[in-house]
Amino acid sequence: MLLDLIELTTASIYLTSLSSREITTLSHHPTRGLTSNKPDGTKVTTADLRSQHIITSGLRLKFGGSPSCPRIVGEEDKSSGIDSNPNPNSDIFSDIDIANIFSDTSLYSSIKTEITKRTPPSPSFNTLYDASKLSIFIDPLDGTKHYAEGSWDEVTTLIGITYENTPILGICARPFTPSSVGVDAHECPFTIYGGVGVNGAYTLGAEGGAVSARTIENSERTAVVSLRGAANPLTRRMLSNVDSSLLSSTPVVVGGAGSKILRLLLGQEGETVWPFPSSGTSLWDVCAADAILSSVGGKVTDGDGNKIDYLEEGKNFEMREGVVASLCPMVHEECMRVLREIREEEKEKEERG
């Protein structure tokens, strides 16, 4: 079965718009609905589960669930100890009408119109893909810890789409505006989407348009890391040893993978690279970044400098080697050079005993 990527992109952004409403509505609840811990110790809220239910069930409704249809991988699925496609009569999903989830035809049409306008009209540009070779990675609420704490700016929804083993489209939607106001009904949240599948990167919501790689002076380039990344010994050692003419050793601290994508593309503090060369990220954290950044000339690899394997279904789809994502390939290569030197030194120490 051939699947039109424009239709898949439209449906995905439409569904993130609906899930954004759930996320912002539940933000008014003192505990964001029900907040608990998953088997791996990370937090999950009712908003995570309802957001994923809307997106995954909506995609299955639109594009089917047979073996010839796309593989759908959600963070809150059975591999995380939680069923992403539970009994639809479950209490927390009983009021979500999946059968009529695409009833807002005005919103769907407006999103599709904007996407179609930006897609090259050339007949040589392919938007049809073998559905059985597509994978969709979903992080329904990236930055759950920050959401549970009421830190809205670091909350996003991420969708990454691969064909065979190559990211072709990424979507990063921000449910809250900078003024911490949620998405209104019949509106699309601020969204960046892009990849080789749509020939570039673009924004929807607010002032939509094309996104290009920012020109950042060498002396102003910074890394963007989480608090955990800032405390990571390998990351700290890498930043202290990179060529200071290419990258500052003082990082910008931001939580959430999606927030880091937004900072790399739109930031104002010289954000150029997201280095986390250790375990702790998963494929749904990085697939959207890989697609979007690559479409504007950036580079994304695992922490060893290898192309990310999206067909690997290791424990919880975890990236054991971590990730290094950069807007600038030159900065990416400098980070990898330093990491290789550090690892070689560590190896020599171990061999000497």
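Just so we're clear, the structure is a prediction, and the values are computed from it rather than from any experiment.
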Apply side chain to side chain contact (heavy atoms under 4.5 Å, CB included) to the pair Thr56 and Glu76, showing each step before the final yes or no. CA-CA 10 Å; Thr56 57; Glu76 313 307 345; over 6 Å; no
Say whether, by atom type as modelled, one donor and one acceptor occur between the side chain of [X] and the main chain of [Y] under 3.5 angstrom.
X	Y	result
Ser294	Val196	no
Thr191	Pro189	yes
Ser109	Ser106	no
Thr235	Ala231	no
Gln52	Glu75	yes
Ser110	Leu107	yes
Asn165	Leu311	yes
Thr45	Ala47	yes
Asp243	Ser245	yes
Tyr14	Lys112	no

Got a second to check how far [X]'s [atom1] is from [Y]'s [atom2], nearest 0.5 Å?
X	Y	atom1	atom2	answer
Phe317	Cys287	CZ	SG	11.5 Å
Ile261	Asp142	CD1	CG	7.5 Å
Tyr163	Ile168	OH	CD1	8.5 Å
Arg263	Thr272	CZ	OG1	12.5 Å
Ser295	Asp290	OG	CG	10.0 Å
Tyr193	Leu204	OH	CG	5.0 Å

Could you tell me if the side chain of [Y] sits less than 4.5 Å from the side chain of [X], heavy atoms only?
X	Y	result
Phe276	Arg228	yes
Phe137	Arg71	yes
Ile136	Ile161	yes
Leu265	Leu293	yes
Leu26	Arg50	yes
Ser17	Ile111	yes
Trp152	Ser27	yes
Met319	Leu283	yes

More than 12 foreign heavy atoms under 6.0 Å from CG of Leu128: is that the case here? yes
Mind running side chain to side chain contact (heavy atoms under 4.5 Å, CB included) on Thr156 and Phe190 for me, showing each step along the way? CA-CA 10 Å; Thr156 58; Phe190 177 80; over 6 Å; no
Going by the side chain to side chain contact (heavy atoms under 4.5 Å, CB included) test, name the single residue among Leu15, Thr10, Thr9 that passes it with Ile13.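 It is Thr9; the other options fail the test.
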Candidate list Thr157, Ile171, Leu59, test side chain to side chain contact (heavy atoms under 4.5 Å, CB included), partner Ile138, passing option: Leu59
Is [X] salt-bridged to [Y], cutoff N-O under 4.0 Å?
X	Y	result
Glu341	Arg337	yes
Glu344	Arg340	no
Glu350	Lys347	no
Glu334	Arg221	no
Arg118	Glu114	yes
Lys260	Asp285	no

Dump the intermediate steps for side chain to side chain contact (heavy atoms under 4.5 Å, CB included) on Thr166 and Lys307, then the final yes or no. CA-CA 9 Å; Thr166 300; Lys307 185 177 183 295; 4.0 Å; yes
[X] versus [Y], closest heavy-atom pair with distance:
X	Y	value
Met336	Gly303	CE-O, 3.3 Å
Val254	Ser259	CG1-CB, 3.5 Å
Ala11	Phe102	CB-CE2, 4.2 Å
Ser51	Pro140	OG-O, 2.9 Å
Thr222	Ser248	CG2-CB, 4.2 Å
Ala257	Leu158	CB-CD1, 4.2 Å

Cluster overlap [X] with [Y], hydrophobic side-chain contacts below 4.5 Å:
X	Y	answer
Leu266	Leu264	yes
Leu327	Val323	yes
Ile342	Val273	yes
Leu18	Ile92	yes
Leu247	Val225	no

Derivation of the side chain to side chain contact (heavy atoms under 4.5 Å, CB included) call for Ser12 and Leu8: CA-CA 6 Å; Ser12 297; Leu8 178 56; 3.9 Å; yes
Please lay out, stage by stage, how Glu149 and Lys145 fare under the test salt bridge (Lys or Arg N to Asp or Glu O under 4.0 Å). CA-CA 6 Å; Glu149 294 171 350; Lys145 175 178 178 291; 3.2 Å; yes
